[in-house]
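Let me begin by presenting the structure, written as structure tokens, before commenting on it.
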There are 2 protein chains.
Amino acid sequence: MGDVARLAGVSAQTVSRVSNGFPGVTEETRRQVLAAMRELDYRPNSAARALRRGEFRTLGVITFSLSTLGNIRTLDAIATSAAREGYAVTLLPVAVPTQDEVHGAFSRLGELAVDGVIVIMEVHLLDAATVSLPPGMQVVVADSDAGDRYTVVDTDQAGGARDAVRHLLGLGHRTVWHLGGPEESFAAQRRANAWRATLDEAGLLAPPLVRGDWSAESGYRAGLRLAEQPDCTAVFAANDQMALGLLRALDERGRKVPDDVSVVGFDDIPESASFLPPLTTVHQDFAEVGRLCVEGVLSKMRQDVAGYGTTLVPTRLVRRRSTAPPPAGR
Amino acid sequence: MGDVARLAGVSAQTVSRVSNGFPGVTEETRRQVLAAMRELDYRPNSAARALRRGEFRTLGVITFSLSTLGNIRTLDAIATSAAREGYAVTLLPVAVPTQDEVHGAFSRLGELAVDGVIVIMEVHLLDAATVSLPPGMQVVVADSDAGDRYTVVDTDQAGGARDAVRHLLGLGHRTVWHLGGPEESFAAQRRANAWRATLDEAGLLAPPLVRGDWSAESGYRAGLRLAEQPDCTAVFAANDQMALGLLRALDERGRKVPDDVSVVGFDDIPESASFLPPLTTVHQDFAEVGRLCVEGVLSKMRQDVAGYGTTLVPTRLVRRRSTAPPPAGR
DNA sequence: TCAGTGAATGTTTACGTAAACATTCACTGA
DNA sequence: TCAGTGAATGTTTACGTAAACATTCACTGA
């Protein structure tokens, strides 16, 4: 910075002013400084900046190693939104999803060059963790139900599930079966609960819940069982992969989709438009979740709020060819 | 640090020594300092450290927004390996894959708190970019063929394709068809070239190349055409998604896999073991690619080497039920 | 004419750390 | 006994920046 100042014939402080876009610098001075910067290939030292300013302009993202598609797309959106706000994103991977590991990630936080944190993870692990956050470190959690202890941004799982079930009921189906996700998953729980609640509201009895583990293979196995139920004309699958397996099982058993059975998925993964038949599904806006996470931490940082609560991102039902009215006479 | 020193009754320098694990501190002094650190919840300021040391202990990863599964798993491995080496990972997303964007990412690098860079991206975009890297900034590129200009770590695409083709020839097939990836992709190019070369070596004529765009849907469409070729008994698909579409097309057309047609994929995505039938495919070791990227930048940083060259990560053929000898009489 | 004003620019200083050098002090061995 | 040695610890200083305060100087208006 001193070299630039010398070459431009000004003081270092003026270089700093130009470098930070502060007002009160003559157009001509500014041009000379910029020229000197280019000449010397000057780049501000971010360590010194951070030290002086007391902030790093960096957000940390704690994730249980990039596992699900949703997490990844949320992370992508976080990185993009953060960049737009002039923040960098540092990854804090947690290899094994244990209390200790999560706890460790949180305590390493203090030494890391990070101003705020976004956690993308099933939140079970945050429960008992006696997390000692560095003072002033703000946290936002994506995709969890810890709204009573953290600021949470989540997809409106319940709303999406409700839309899926209502869509099928609206087509005239007597009831809707559910191919649910694993018991431990909060997202799966909420989708299943909303499915049951929506049937209740309509005065309908929920058929027995069939569970998978999110994988296409588990959807296929569950599908073989569902295909044996003659009165099953509509299935809401808790994600698209399981719906894919279900489609294949129904096809193998000679039950046509959507003529005999209607199927709705959840997620709207890119492939779902190419399934046979193209899948009606609940679109999740991961980009918006990521954006709101960034917005959330930044505003908490700026106002230094300690609050909590949940922001829900609405879903959108995408109607494709896998749903239709039930076969005549049912 | 001063507070800790006062509380422990030592100098700040001794605190620094304990904090960095330097030798020459009595066990008793060390214990007192550690106690004082805990008491005051002291955490070293990473900005000041970076300023003083002249390094950030951070690697930057430039990716064209987290698109493909391979990129994501590579990124995951990079983050994990970096953490093991005491390095953090900062994400530098490039929203649009244009020269300008990539160039921009590279020049922002100078201001970023980053000691080295890993690029995960098709490398077309690096070609013409007049990249002005900050002095001393080392770069490693994953998954590209720019070995003459950068240090590159890549999966052994050619070796994997060769193994796939040889496996099919070894089973007795007269020739092997190829369902290739998009023309612009370097990975697709290398897989297709190796397919052709392996047939050449065996003195066989390569059937016409059928192209998809990596998606299952494109594999399905290509599969419908391949199903019309009565002499097609073995297909090597350039990725597992296209193989999935291919399987479905063959099934629809009544051609049994593996009885009538053998199919090999590439990637070994988790689902491929659950395809119908389970898919023989080429396993890519993304974790190893990521690890080698980190190792590569770090060693270049330490020795300040300016060299380039390519490190290939071997693949492994995973034999499942989608491949078998050709039907009798063929 | 000249005190007063305010924009443009300069000078001093501290952010928290660790390298380089300095000092202390117990112990060794002639 | 005491110079010599080396481990343990302390003091001084600089890393590059930007906030706080200081100075310069052209211009205004009574």
Side-chain angles (χ1 to χ4, degrees), chain A residues 1-37 40-58 86 88 108-115 134-137, chain B residues 1-37 40-58 86 88 108-115 134-137:
Chain A
M1 199 161 91
D3 297 341
V4 174
R6 215 164 305 123
L7 182 61
V10 297
S11 72
Q13 186 59 33
T14 298
V15 174
S16 168
R17 279 190 265 259
V18 171
S19 157
N20 288 291
F22 285 170
V25 180
T26 311
E27 193 46 41
E28 202 197 321
T29 312
R30 150 172 271 106
R31 272 209 320 280
Q32 280 176 8
V33 171
L34 289 175
M37 283 177 167
L40 297 175
D41 197 20
Y42 165 80
R43 317 185 189 234
N45 177 308
S46 56
R49 275 200 165 162
L51 178 58
R52 189 65 254 241
R53 287 174 175 161
E55 59 168 28
F56 302 96
R57 298 274 165 93
T58 297
R108 259 177 288 142
L109 231 50
E111 317 185 13
L112 274 166
V114 149
D115 304 309
M137 181 73 75
Chain B
M1 200 161 92
D3 297 341
V4 174
R6 215 163 304 123
L7 182 60
V10 298
S11 72
Q13 186 58 33
T14 298
V15 175
S16 168
R17 279 191 263 259
V18 171
S19 157
N20 289 290
F22 285 169
V25 179
T26 310
E27 193 45 42
E28 200 196 321
T29 313
R30 150 171 272 104
R31 271 210 321 279
Q32 281 176 9
V33 171
L34 288 175
M37 282 178 168
L40 297 174
D41 198 18
Y42 165 79
R43 316 184 191 238
N45 177 307
S46 57
R49 275 200 166 163
L51 177 59
R52 189 63 253 240
R53 287 176 174 159
E55 59 167 27
F56 302 98
R57 299 275 164 94
T58 298
R108 259 176 289 140
L109 230 50
E111 318 186 12
L112 273 167
V114 149
D115 305 308
M137 180 74 75

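Per chain, numbering begins at 1; letters A, B, ... match sequence-line order. Just so it is clear, the structure is predicted and the values come from calculations on it, not from any experiment.
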Task: Under 3.5 Å donor-acceptor, B:N20 side chain and B:F22 backbone - done: no
Task: Test item: B:D115 side-chain N/O and B:R57 main-chain N/O as donor-acceptor pair under 3.5 Å - done: yes
Open item on the list: What is the first contacted nucleotide of DNA chain D and what is the last, in 5' to 3' order, if contact means an atom lying under 4.0 angstrom from a heavy atom of chain B?
Closed with: D:dA8 to D:dG16
Task: Side-chain donor-acceptor pair present, A:S19, A:R49, cut-off under 3.5 Å - done: yes
Within the structure shown, what part of the strands sits under 4.0 Å from [X] by heavy-atom distance: base, sugar-phosphate, or nothing?
{"X": "A:S16", "answer": "base"}
{"X": "A:S19", "answer": "nothing"}
{"X": "A:R53", "answer": "sugar-phosphate"}

Interatomic distance, [X] atom [atom1] to [Y] atom [atom2] [nearest 0.5 angstrom]:
{"X": "A:F56", "Y": "A:L51", "atom1": "CZ", "atom2": "CG", "value": "8.5 Å"}
{"X": "A:T29", "Y": "A:R31", "atom1": "OG1", "atom2": "CZ", "value": "9.0 Å"}
{"X": "A:S11", "Y": "A:R17", "atom1": "OG", "atom2": "CZ", "value": "6.0 Å"}

Open item on the list: Taking the nucleotide of DNA chain D with the nearest heavy atom to each, does A:G2 or B:T26 sit closer to the 5' end?
Closed with: B:T26
Open item on the list: I want to confirm an ordering. Mapping B:T14 and B:L51 to their closest nucleotides on DNA chain D, which one lands closer to the 5' end?
Closed with: B:T14
- [ ] Could you pick out which residue, B:Q13 or A:V25, lies toward the 5' side of DNA chain C when each is mapped onto its nearest nucleotide?
- [x] A:V25
